[in-house]
Amino acid sequence: MQELRLKQNLTQRLTPQQIQLAKLLQIPSIDIRVRIEQELTENPVLEEGDATSEEQLEKEEATQEEEVALAEYLGEEAYKPQYAQRDSQAQERQARREAAIPTRYSLNEQLLEQLHFLRLDERQYKIGQHLIGSLESDGYIRRDLEAIVNDLAFTQYIETDIQEVAAVLSRIQSFDPPGIGARNLQECLLIQLQKKKDNPARQLAIQIITQGFESFIKKHYDKLAKKLAIEDTQLLKEALALITKLDPKPGGSDEASARSQPLYPDFIVTKQNGQLQVTLSSYNTPELRIRKSYTAILEDYHKPHKKDKKLKEAATFVKQRLEAAKWFMDAIKQRQQTLLHTMEAIVKLQYDFFMEEEEEQLKPMILKDVAVEIGMDVSTISRIANNKSVQTDFGIYPLKFFFTEAISTTSGEEVSNRAVKQAVLALIQGEDKRRPYPDDKIALMLQAKGYHIARRTVAKYREQLHIPVARLRKEV
């Protein structure tokens, strides 16, 4: 026999407004303009402008007919109405803004542009296009040339051989950036050295890469000097210095590209009369308002003598668009308030750092600390901290810079792991490069300074600082 039972479940469901706000919180100020432009395009009820300027706008619209009539009387060239002047000025400002933004080309586009300047026939050009398309993000081409020959046969219907593909690849390897199109690190370094000015150090560097590459990458300099019969120690140092200045990733990498991207601040923190002031950057966040003409449609519809079918359909559409517009405007305002409260909490928790800008002043802080401070969920703080930055009197910092783990000291205090990283960096910078410190030695030295830290933690911090192991830091 089937039984009926009551069961109570507690589930969390987000409203459309909450989902919209969560998405808006993730967008940095540099990109919020794009989202607002999208909403302005999709919703005709919305327009840019401060609501307080509506009265002025009405006055301007009332005079437009008179201005147009006067323009017709005087002639277009003799008189230009005020609103046309404003549009012209706005276009000029927009043109200046667009001119100030540099055009960025991808690596693929740069290489294809250089390919155009080579005197290649149609067949060779297609091979070059395929080779450029086969480059990995760091600028290397690791796919075997035999496989590329097969790819060209199946995808481009081009019958070729390894020799022809290698000849086109050799032309591509002459492109900028130097080292592009190399098949391995050895070839990459050699291509770059061949473009350097000829001198004894360059000649020795080429000899090291071609004849003593294994000893070089392992930093076995004694074996290298013996193998190549190098007696001039100073010349060896110059050659090694030349090699170490070469770019092992000529195409860049995702991480390097991310570091090279300019930071546009979402927040501004300034010191005024000994107090810290937090403001939101107004970059790309225009004022929004409701078009008065659409609210007039609803007012007109509610009049007793205006109940025809077409007007009802128009009123229904306008009502839906008005609700969507109000939701969006409220979400933008709530986004601004949430961002401001979050930044104020970060400044409060990291007050000493913002006052003096010393990394040693950074306190251990996690997302939960900020969430508790302002009474919000950790996931909300995570969305805000991602891809946001703050401008201070000392420079621009990504928000993630202020979130650090805690490390215990012998005195029982907790310090930021960023301070420990600085201690690791200082020890490595001050080491004897002929006998660099291994990780276990650094761990012991840090313990002597009062930091409870293990060797594996030192290795982790060293890797985060992009510092190689002791063997690879060794110099002549």
Side-chain angles (χ1 to χ4, degrees), residues 185 189 192 201 205 208 215-222 224-225 233-249 252-253 255-260 263 350 352-365 392-398 400-411 413-476:
L185 177 60
L189 298 177
Q192 294 180 62
I208 290 171
S215 298
F216 165 73
I217 60 174
K218 293 179 180 178
K219 295 214 170 185
H220 293 164
Y221 298 132
D222 294 338
L224 183 64
T233 306
Q234 182 60 34
L235 181 60
L236 176 60
K237 287 182 179 180
E238 291 176 6
L240 293 174
L242 180 60
I243 296 172
T244 53
K245 290 178 182 177
L246 302 177
D247 188 358
K249 294 182 179 180
S253 63
E255 183 181 357
S257 299
R259 288 199 302 269
S260 65
L263 290 176
Q350 299 288 5
D352 293 339
F353 172 83
F354 283 100
M355 289 299 291
E356 301 187 22
E357 206 266 331
E358 294 289 342
E359 287 203 24
E360 291 76 10
Q361 300 289 345
L362 275 177
K363 297 178 181 178
M365 185 180 74
T392 71
D393 295 335
F394 317 107
I396 299 178
Y397 295 89
K400 287 186 176 180
F401 173 84
F402 304 102
F403 294 90
T404 60
E405 300 172 357
I407 297 292
S408 297
T409 64
T410 52
S411 61
E413 297 179 2
E414 288 189 340
V415 297
S416 166
N417 66 349
R418 198 174 293 278
V420 181
K421 288 181 184 179
Q422 288 299 311
V424 171
L425 180 61
L427 288 173
I428 292 176
Q429 288 177 338
E431 69 187 0
D432 182 355
K433 297 304 179 184
R434 292 174 296 180
R435 292 183 294 275
Y437 300 135
D439 292 341
D440 53 356
K441 174 68 173 176
I442 294 175
L444 291 173
M445 296 172 75
L446 289 173
Q447 289 172 12
K449 291 177 176 287
Y451 299 119
H452 288 299
I453 188 170
R455 184 204 60 80
R456 60 180 179 274
T457 308
V458 171
K460 182 179 76 171
Y461 290 168
R462 178 179 50 72
E463 290 171 0
Q464 291 174 353
L465 292 167
H466 305 286
I467 298 174
V469 296
R471 176 175 55 83
L472 298 180
R473 299 198 305 270
K474 187 177 180 181
E475 296 179 1
V476 179

Separation between [atom1] of [X] and [atom2] of [Y], rounded to the nearest 0.5 Å:
X      : Y      : atom1 : atom2 : answer
Phe401 : Gln350 : CZ    : CD    : 9.0 Å
Arg455 : Gln447 : CZ    : CD    : 12.5 Å
His220 : Ile217 : NE2   : CD1   : 10.0 Å
Tyr221 : Leu236 : OH    : CG    : 8.5 Å
Ile428 : Ile442 : CD1   : CD1   : 4.0 Å

Closest approach of [X] and [Y], non-hydrogen atoms and distance?
X      : Y      : result
Pro436 : Ala470 : CG-O, 3.1 Å
Asp439 : Ala459 : OD2-CB, 3.5 Å
Gln192 : Asp247 : NE2-O, 2.7 Å
Met445 : Leu427 : CE-CD2, 3.6 Å
Arg473 : Ile467 : CD-CG2, 3.6 Å

Under a 4.5 Å cut-off applied to non-hydrogen side-chain atoms, are Lys433 and Glu431 in contact? yes

Close side-chain approach of Glu356 and Asp352, heavy atoms under 4.5 Å: no

Go through the steps for Leu240 and Ile208 under the test side chain to side chain contact (heavy atoms under 4.5 Å, CB included), then give the verdict. CA-CA 9 Å; Leu240 293 174; Ile208 290 171; 4.2 Å; yes

For Pro438, the side chain to side chain contact (heavy atoms under 4.5 Å, CB included) test, sequence neighbours excluded, returns Asp440, Lys441

Evaluate side chain to side chain contact (heavy atoms under 4.5 Å, CB included) for Leu362 paired with Phe402, printing each intermediate quantity in order. CA-CA 7 Å; Leu362 275 177; Phe402 304 102; 4.0 Å; yes

Please determine whether side chain to side chain contact (heavy atoms under 4.5 Å, CB included) holds for the pair Lys237 and Leu242, giving the CA-CA distance in whole Å, both sets of side-chain angles, and the decisive distance to 0.1 Å. CA-CA 9 Å; Lys237 287 182 179 180; Leu242 180 60; over 6 Å; no

Answer yes if the ring centres of Phe353 and Phe394 are under 6.0 angstrom apart, and no otherwise. no

